[in-house]
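All of these numbers come straight from a predicted model, not from anything done at the bench. The residues of the chain are indexed from 1 along the displayed sequence.
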Amino acid sequence: MIDFGLILTYFLVAGAMVLCVGSPILQMKSDSKKMKKMIIPTISLLMIILISILIASSDVLPEYTNANGALISASLSKLVGGSLITFYVLSLVAIISVIYSEFLYKFFNNGKK
């Protein structure tokens with residue numbers, strides 16, 4: 001019985017994911033401005049990820065390898081480093097946007113739009 005519930009949950013989560021991705025795509029087809037609003041942030045996010053992976057180091061410390069040197073490869077180290085850099089950059093962007101929207105905007109414009 002537990003196996004059936006777990007499998008059903010996997011199918012429901014997969015279906016929800018497909019619908020969450022598919023709905024904006026269907027709405028974009030009717031309006032080109034919506035497509036532009038969605039494509040620009042997507043390309044920006046992909047560029048941040050790509051640049052982060054390119055600037056990440058592929059060095060592997062001796063603590064992360066076994067006697068044969070095969071526990072963590074250089075490419076995996078580069079991918080993990082790039083993921084961490086991406087996390088740091090996106091966290092910084094989120095913090096700056098919160099500071100702008102909550103403090104600076106209200107301070108300089110007195111809360112008026």
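None of Leu54, Ile48, Ile53 except one satisfies the side-chain contact (heavy atoms from CB on, under 4.5 Å) rule with Leu50; the exception is Leu54.
In this structure, the separation between CG on Leu76 and OG on Ser58 is 11.5 Å, given to the nearest 0.5 Å. In this structure, NZ on Lys78 lies 9.5 Å from CG on Asp59, to the nearest 0.5 angstrom. Note: Leu90 CG to Ile49 CD1 = 7.0 Å, rounded to the nearest 0.5 Å. The distance from atom CD1 of Ile96 to atom OG of Ser101, rounded to the nearest 0.5 Å, is 12.0 Å. Rounding to the nearest 0.5 Å gives a distance of 9.5 Å between CZ of Phe4 and OG1 of Thr9.
Side-chain heavy atoms closer than 4.5 Å link hydrophobic residues (I, L, V, M, F, W, Y) into clusters, and following such links, possibly through other members, connects Val21 to Ile43.
Panel note: side chain Ser23, backbone Cys20; no donor-acceptor pair is recorded below 3.5 Å.
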